[in-house]
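Notes follow once the structure below has been shown.
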Number of protein chains: 2
Amino acid sequence: MVDNQEKTEEKILKAAEEVFQKKGMTGARMQEIADTAGINKALLHYYYRTKDKLFEKVINMAFSKFFPRVINIMGSGISVFEKIEVFVSNYLDLIAKHPFIPGFVINELNRNPQILISLFEKNIRLKEEGLIDKFNIQLQEEVEQGIIKPIDARNLMVNIVGLCIFPIVAKPIVQGVIFGNDKKQYNDFLKQRKEHVIDFVISSIKMD
Amino acid sequence: MVDNQEKTEEKILKAAEEVFQKKGMTGARMQEIADTAGINKALLHYYYRTKDKLFEKVINMAFSKFFPRVINIMGSGISVFEKIEVFVSNYLDLIAKHPFIPGFVINELNRNPQILISLFEKNIRLKEEGLIDKFNIQLQEEVEQGIIKPIDARNLMVNIVGLCIFPIVAKPIVQGVIFGNDKKQYNDFLKQRKEHVIDFVISSIKMD
DNA sequence: GTCTATACACTGATAGAC
DNA sequence: GTCTATCAGTGTATAGAC
């Protein structure tokens with residue numbers, strides 16, 4: 001019954017993803033995950049002996065969904081402006097597809113920072129590859145050429161990712177405080193964000 | 001023993017703040033809060049009958065620490081550029097003083113958005129006062145005067161708050177991924193953030 | 001592999017003495 | 001107000017039948 005096995009494991013992971021992202025590690029209940037997967041609680045422990053093991057798998061999936069692919073755009077051979085455009089566009093699409101992952105990962109990492117170590121082992125090592133340093137070299141070249149105003153790669157990258165992620169992660173506050181809990185206004189706001197963020201960032205660093 | 005009463009309640013609230021912010025609502029334990037406060041678990045229930053009541057008090061304190069005061073800067077009589085400067089400066093100081101509150105509030109609000117309703121009742125109602133709309137009118141005036149490039153208040157405010165909050169809320173990722181877990185580099189990064197964010201935002205919207 | 005039943009520990013909350 | 005003792009409920013995890 002390899003077929004059933006794979007189907008069950010798939011169901012478990014999908015259910016675990018859903019419940020963990022909604023309730024968090026401590027708030028999630030094995031019972032609820034079992035119910036969501038349409039299986040028995042004991043079967044959950046048959047596949048993943050402990051809640052910790054299951055959680056580790058789920059947060060690993062979440063992390064690897066966001067980091068490996070998109071961040072490599074930074075290493076491609078296009079100009080800084082093009083990189084900003086491609087990155088923001090891809091990143092916002094990814095966030096739209098998985099809106100709960102950024103907040104979930106950030107929150108659980110804050111509660112237990114040592115998770116990051118395990119995450120690094122199983123994902124692409126950014127530091128070793130020197131991606132950020134390489135991007136910074138390109139950036140400073142364009143600064144010297146007078147294309148871009150002085151800025152360092154760390155600030156720029158944090159700004160870009162923050163501008164992309166914040167409106168989603170802080171959805172209750174943005175929708176509640178800024179848009180008086182009007183869902184439509186909030187959704188319309190998100191739709192125009194891609195264009196706006198690209199404009200905002202490039203407008204900030206482009207030399208007059 | 002009014003003196004002792006106040007002291008105990010103070011100790012409880014301080015301990016509850018610490019534990020709830022560190023572990024979250026579901027992860028926090030009444031026992032740990034009692035231990036941190038140096039009192040008995042039963043005494044906790046004597047002051048706050050349930051965990052929910054205590055949590056509500058704590059998240060209310062956290063919320064009211066961030067919203068009422070600083071956001072009113074938007075309503076003062078200074079120029080848009082000055083508002084940005086004052087707001088970012090005050091906001092980053094406030095975050096530095098209470099680095100765990102933004103992530104705590106955002107996370108708990110995501111898990112239980114209805115908290116916001118109770119929060120609104122007990123804090124200044126932003127929507128009714130039309131603060132954002134007033135700020136937008138001022139903004140559009142300066143746009144028409146050719147001082148500022150076209151931008152709406154919602155995008156600008158989300159950008160500013162996001163740029164301030166993100167590096168703190170996502171500390172494990174920023175410190176871990178961007179700075180290879182180098183604490184000193186991360187702290188140095190935070191120190192230069194105030195100046196950078198102000199520059200970045202104004203540079204983006206200032207008409208050439 | 002999948003189920004039912006259950007063990008065992010922990011947690012929030014209360015009772016009652018001081 | 002503050003403590004000790006304790007209960008009822010819930011949670012993770014396992015045993016054992018099929």
Side-chain angles (χ1 to χ4, degrees), chain A residues 1-62 104 107-108 111-112 114-115 118, chain B residues 1-62 104 107-108 111-112 114-115 118:
Chain A
M1 304 294 177
V2 175
D3 238 31
N4 263 342
Q5 189 177 345
E6 281 176 1
K7 270 183 191 168
T8 303
E9 185 143 6
E10 224 171 85
K11 279 192 293 180
I12 289 177
L13 287 179
K14 198 175 170 182
E17 230 180 321
E18 187 186 323
V19 176
F20 272 129
Q21 285 178 24
K22 200 160 77 182
K23 304 285 180 73
M25 161 63 188
T26 53
R29 298 288 164 243
M30 296 299 267
Q31 185 63 61
E32 191 180 352
I33 294 174
D35 291 345
T36 305
I39 59 157
N40 193 280
K41 201 173 49 165
L43 200 54
L44 219 53
H45 286 92
Y46 174 79
Y47 279 90
Y48 298 89
R49 268 205 311 283
T50 66
K51 189 186 182 184
D52 280 329
K53 298 272 180 198
L54 181 56
F55 177 76
E56 196 190 325
K57 179 82 181 174
V58 168
I59 201 164
N60 236 298
M61 288 166 57
F104 170 64
N107 180 55
E108 296 299 337
R111 308 236 169 283
N112 188 7
Q114 74 182 31
I115 294 174
S118 145
Chain B
M1 307 297 178
V2 175
D3 239 29
N4 263 339
Q5 188 177 347
E6 280 174 2
K7 270 184 192 166
T8 303
E9 184 143 8
E10 224 172 84
K11 281 192 290 181
I12 289 177
L13 287 178
K14 198 174 170 183
E17 229 179 322
E18 188 186 322
V19 176
F20 273 130
Q21 285 177 23
K22 199 159 78 182
K23 303 285 179 72
M25 161 64 188
T26 54
R29 298 286 164 247
M30 295 299 268
Q31 184 63 61
E32 191 181 350
I33 295 174
D35 291 345
T36 305
I39 58 157
N40 193 279
K41 198 172 55 163
L43 201 55
L44 220 51
H45 286 92
Y46 173 80
Y47 280 89
Y48 297 89
R49 269 204 309 284
T50 65
K51 188 184 182 185
D52 280 329
K53 298 271 180 200
L54 182 55
F55 176 76
E56 196 190 324
K57 179 83 181 173
V58 168
I59 202 164
N60 235 299
M61 288 165 57
F104 170 66
N107 180 54
E108 297 299 338
R111 308 238 168 282
N112 189 6
Q114 75 182 32
I115 294 174
S118 145

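Numbered from 1 within each chain, the chains take letters A, B, ... in sequence-line order.
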message = Once rounded to the nearest 0.5 Å, what's the spacing between atom OG1 of A:T50 and atom CZ of A:F55?
response = 11.5 Å
query = CD1/B:I33 to CG/B:L44 distance, rounded to the nearest 0.5 angstrom?
reply = 6.0 Å
inquiry  = Please check this pair: side chain of B:E108 against backbone of B:M25, looking for a donor-acceptor N/O pair closer than 3.5 Å.
reply    = yes
query = Taking atom P of C:dA15 as reference, at what distance in whole Å does atom CZ of B:R49 sit?
reply = 12 Å
task = Provide the full list of salt bridge (Lys or Arg N to Asp or Glu O under 4.0 Å) pairs with a residue in residues 46-62 of chain A, sequence neighbours left out, each pair given once.
result = A:E56-A:K122
query = Are B:T8 and D:dT2 close enough that a side-chain N or O sits under 4.0 Å from OP1 or OP2?
reply = yes
Distance-only donor-acceptor pairs under 3.5 Å for side chains of residues 13-21 of chain B, two or more places apart:
residue: B:E17; atom: OE2; partner: B:K65; partner atom: NZ; Å: 3.0

message = Would you say that B:Y46 contacts B:I12 through its side chain, given a criterion of any heavy-atom pair below 4.5 Å between the two side chains?
response = no
Over 12 foreign heavy atoms within 6.0 Å of NZ, B:K22 = no
ask   = For DNA chain C, what residues of residues 24-46 of chain A have any heavy atom nearer than 4.0 Å?
value = A:N40, A:A42, A:L43, A:Y46
ask   = Which of residues 50-62 of chain A sit near DNA chain C, with a heavy atom under 4.0 Å from it?
value = none
request  = Could you name each residue pair satisfying side chain to side chain donor-acceptor pair (under 3.5 Å) that touches residues 24-37 of chain A, not counting sequence neighbours?
outcome  = A:K23-A:E32, A:T26-B:T26, A:Q31-A:D35
